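For reference, the structure is listed below as structure tokens.
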There are 2 protein chains.
Amino acid sequence: MGTRYHGTEEEVRALDAYIKLIRAADSVSSRIHRHLDETNLTITQFGVLEALYHLGSMYQRDLAAKLLKSGGNITLVIDNLEKRSLVKREREPNDRRCIRVNLTEAGNQLISHIFPTHVAAVVAEMATLSMSEQEELGRLCRRLGKKE
Amino acid sequence: MGTRYHGTEEEVRALDAYIKLIRAADSVSSRIHRHLDETNLTITQFGVLEALYHLGSMYQRDLAAKLLKSGGNITLVIDNLEKRSLVKREREPNDRRCIRVNLTEAGNQLISHIFPTHVAAVVAEMATLSMSEQEELGRLCRRLGKKE
DNA sequence: ACATGATATTTTAATATTAAATAAATCAAT
DNA sequence: ATTGATTTATTTAATATTAAAATATCATGT
């Protein structure tokens with residue numbers, strides 16, 4: 001009972017920073033996305049709508065790359081959004097392997113309605129840190145994420 | 001096509017820091033846990049074994065709280081670990097609602113074998129940042145995570 | 001033209017994850 | 001002591017997620 005890990009200073013510092021990073025991302029993200037409850041959107045579904053809203057219609061391949069998800073996953077997420085008529089598929093004539101995903105009118109209405117709420121939630125959540133601290137966090141995280 | 005979000009400075013900074021935080025946590029965690037591939041353990045399964053290894057036997061309730069997962073999820077994860085004989089369940093005599101989860105000998109062997117690899121991966125990954133940067137990241141993340 | 005290889009999507013099988021409903025055990029309070 | 005509320009674990013239903021296999025399409029080189 002209670003034998004916590006005792007490593008070198010370097011190890012303890014790395015483990016500590018790592019666990020705090022994971023926990024912060026987890027709890028911040030779940031608080032920020034709480035407003036999605038009313039819409040019955042999952043985080044990934046929101047991510048798809050948001051990408052289409054800001055970048056225009058996209059291939060499933062590009063959605064997968066942008067959202068860091070597998071192709072099979074995107075297929076299912078698009079299926080579920082399509083069932084709710086929030087997006088529609090369209091086969092690309094020039095390259096019939098590809099499928100272009102578009103917002104429907106309903107999808108566009110929904111995301112344009114909830115995106116400002118999302119921004120407000122992000123701002124409120126990050127306001128725990130000062131402006132310069134947010135910038136510092138961004139710098140550190142970018143270096144950590146950008147490895148390969 | 002390509003209409004990126006244009007908000008106030010405050011909004012852009014918050015959104016930027018937020019997305020970098022999420023991406024860093026995601027990619028760092030997936031790189032760190034790559035070594036689990038050989039063991040066929042999922043991240044949550046690893047989390048359960050690690051908690052039991054360092055804290056001793058625990059109730060499912062406490063595992064759920066520590067790993068920030070729902071009770072139903074923990075039930076399934078323990079099911080799958082139990083199938084592989086890595087943990088065992090034991091009803092608590094004093095309070096028969098509770099179930100105490102223990103490492104088996106095989107579970108103990110496995111986690112004590114892979115934990116040093118895990119630590120090495122964390123150290124290597126976090127070495128992108130200097131010691132003081134790791135500490136700064138930890139401080140910022142702790143404040144962000146600790147809200148409520 | 002045809003074989004080969006690469007790419008995009010879908011499907012399948014397994015686990016994760018949550019919310020909600022259920023069942024069992026305990027606790028509290030009159 | 002009995003009723004009522006709380007707590008713990010399980011089950012169920014739905015979506016997420018990945019890896020791997022299967023399909024379909026395109027591109028290339030001969």
Side-chain angles (χ1 to χ4, degrees), chain A residues 22 25-27 29-49 57-84 86-102, chain B residues 22 25-27 29-49 57-84 86-102:
Chain A
I22 300 302
D26 207 57
S27 65
S29 151
S30 90
R31 283 196 295 264
I32 283 179
H33 285 104
R34 202 166 283 165
H35 68 93
L36 293 182
D37 286 356
E38 319 151 25
T39 66
N40 272 323
L41 288 175
T42 66
I43 293 182
T44 306
Q45 288 174 351
F46 172 80
V48 168
L49 296 183
S57 73
M58 296 174 75
Y59 296 137
Q60 293 191 184
R61 157 179 54 101
D62 297 326
L63 282 167
K66 178 161 178 59
L67 302 175
L68 305 176
K69 299 293 152 82
S70 70
N73 185 15
I74 293 299
T75 292
L76 181 71
V77 172
I78 301 296
D79 283 350
N80 288 326
L81 287 171
E82 212 173 25
K83 275 183 208 155
R84 289 176 62 181
L86 297 173
V87 303
K88 55 181 185 298
R89 284 177 160 104
E90 196 181 336
R91 183 137 322 246
E92 174 69 35
N94 300 336
D95 185 344
R96 294 189 40 75
R97 289 171 302 182
C98 300
I99 289 184
R100 191 175 274 285
V101 185
N102 280 280
Chain B
I22 300 302
D26 208 58
S27 64
S29 152
S30 89
R31 285 197 294 265
I32 283 178
H33 286 104
R34 204 166 280 165
H35 68 93
L36 293 182
D37 286 355
E38 320 151 25
T39 65
N40 273 323
L41 288 175
T42 66
I43 293 182
T44 306
Q45 288 174 352
F46 173 80
V48 168
L49 296 184
S57 72
M58 296 174 75
Y59 297 137
Q60 293 191 184
R61 155 180 57 100
D62 297 326
L63 281 168
K66 178 162 179 56
L67 302 176
L68 305 176
K69 299 293 152 81
S70 70
N73 185 15
I74 292 301
T75 293
L76 180 71
V77 172
I78 301 296
D79 283 351
N80 287 326
L81 287 172
E82 211 173 26
K83 275 182 207 154
R84 290 176 61 182
L86 297 174
V87 303
K88 54 183 186 297
R89 285 178 159 104
E90 198 180 335
R91 190 122 240 153
E92 174 69 34
N94 299 338
D95 186 342
R96 295 188 41 74
R97 288 172 303 183
C98 301
I99 288 185
R100 190 175 275 284
V101 185
N102 280 281

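Values below: all heavy atoms of this structure, side chains included; hydrogens, waters and symmetry mates excluded. This one's a predicted model, so the numbers in the text were calculated from it and none came from an experiment. To find a chain, count down the sequence lines: A is the first, B the second, and so on, and within it residues start at 1.
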Q) Considering only side-chain heavy atoms of R96(B), which listed nucleotide, dT9(C), dC26(D), dT26(C), is closest? A) dT26(C)
Q) Does atom CZ of R84(A) have more than 12 heavy-atom neighbours, drawn from other residues, nucleotides or ligands, at distances under 6.0 Å? A) yes
Q.
So, OP1 or OP2 of dT15(C): does either fall under 4.0 Å of a side-chain N or O from T42(B)?
A. no
Q.
So if I take every side-chain heavy atom of Q45(A) and compare against dT25(D), dT8(D), dT15(D), which nucleotide ends up nearest?
A. dT15(D)
Q: Would you sort out whether R89(B) and L81(B) count as a side-chain contact (heavy atoms from CB on, under 4.5 Å), showing the intermediate values?
A: CA-CA 10 Å; R89(B) 285 178 159 104; L81(B) 287 172; over 6 Å; no
Q | Touch class at under 4.0 angstrom, heavy-atom based, for L76(B) against every strand present | A | base
Q: Assign N80(A) to base, sugar-phosphate, or nothing according to its heavy-atom contacts below 4.0 angstrom with the strands shown.
A: sugar-phosphate
Q | Spacing between K69(A) atom NZ and dA16(D) atom P, to the nearest angstrom | A | 9 Å
Q: Quickly work out the L67(B) CG to dT17(C) P distance and round it to whole Å.
A: 9 Å
Q: State whether N73(A) places a side-chain N or O below 4.0 Å from either non-bridging phosphate oxygen (OP1 or OP2) of dA16(D).
A: no
**Q.** Closest non-hydrogen atom pair between E82(A) and V87(A), with its separation
**A.** CG-O, 3.6 Å
Q | Whichever of I74(B) and K83(B) has its nearest DNA chain C nucleotide further upstream toward 5' | A | K83(B)
Q: Let me know the distance between CG of L36(B) and P of dT18(D), rounded to the nearest Å.
A: 15 Å
Q.
For a quick test of reading the model: is some side-chain N or O of T44(A) closer than 4.0 Å to OP1 or OP2 of dT17(D)?
A. yes
Q) Could you give the CD-to-C1' distance, from E90(B) to dT8(D), as a whole number of Å? A) 16 Å
Q: Using a 4.0 Å heavy-atom cut-off across all strands, classify R89(A) as base, sugar-phosphate, or nothing.
A: sugar-phosphate
Q. Can you tell me how far P of dT18(C) sits from CZ of R34(A), to the nearest Å?
A. 13 Å
Q | Rounded distance [0.5 Å steps], CG in N102(A) versus CG in L86(A) | A | 13.0 Å
(Q) Tell me the interatomic distance from D26(A), atom CG, to dT17(C), atom C1', rounded to whole angstroms. (A) 12 Å
**Q.** Nearest-nucleotide pick for Y59(B), side chain only, options being dT25(D), dA9(D), dT9(C)
**A.** dA9(D)
Q. Side-chain contact, heavy-atom cut-off 4.5 Å: I78(B) with L63(B)?
A. yes
(Q) Between P on dC27(C) and CZ on R97(B), what's the gap in Å once rounded to a whole number? (A) 6 Å
Q) Where do R100(B) and E92(B) land on the salt bridge (Lys or Arg N to Asp or Glu O under 4.0 Å) test, with the steps shown first? A) CA-CA 6 Å; R100(B) 190 175 275 284; E92(B) 174 69 34; 3.3 Å; yes
Q) So what does L68(A) hit on the nucleic acid, given a heavy-atom distance under 4.0 Å: a base, only sugar-phosphate, or nothing? A) sugar-phosphate
Q.
Assuming nearest nucleotide by heavy-atom distance, tell me which of I43(A) and G71(B) is located more 5' along DNA chain D.
A. G71(B)
Q. Any side-chain N or O of S70(B) under 4.0 Å from OP1/OP2 of dT17(C)?
A. no
Q: Kindly say if R91(A) contacts the phosphate of dC26(D), meaning a side-chain N or O under 4.0 Å from OP1 or OP2.
A: no
Q.
Rounded to whole Å, how long is the line connecting atom CG of D79(A) with atom C1' of dT10(C)?
A. 9 Å
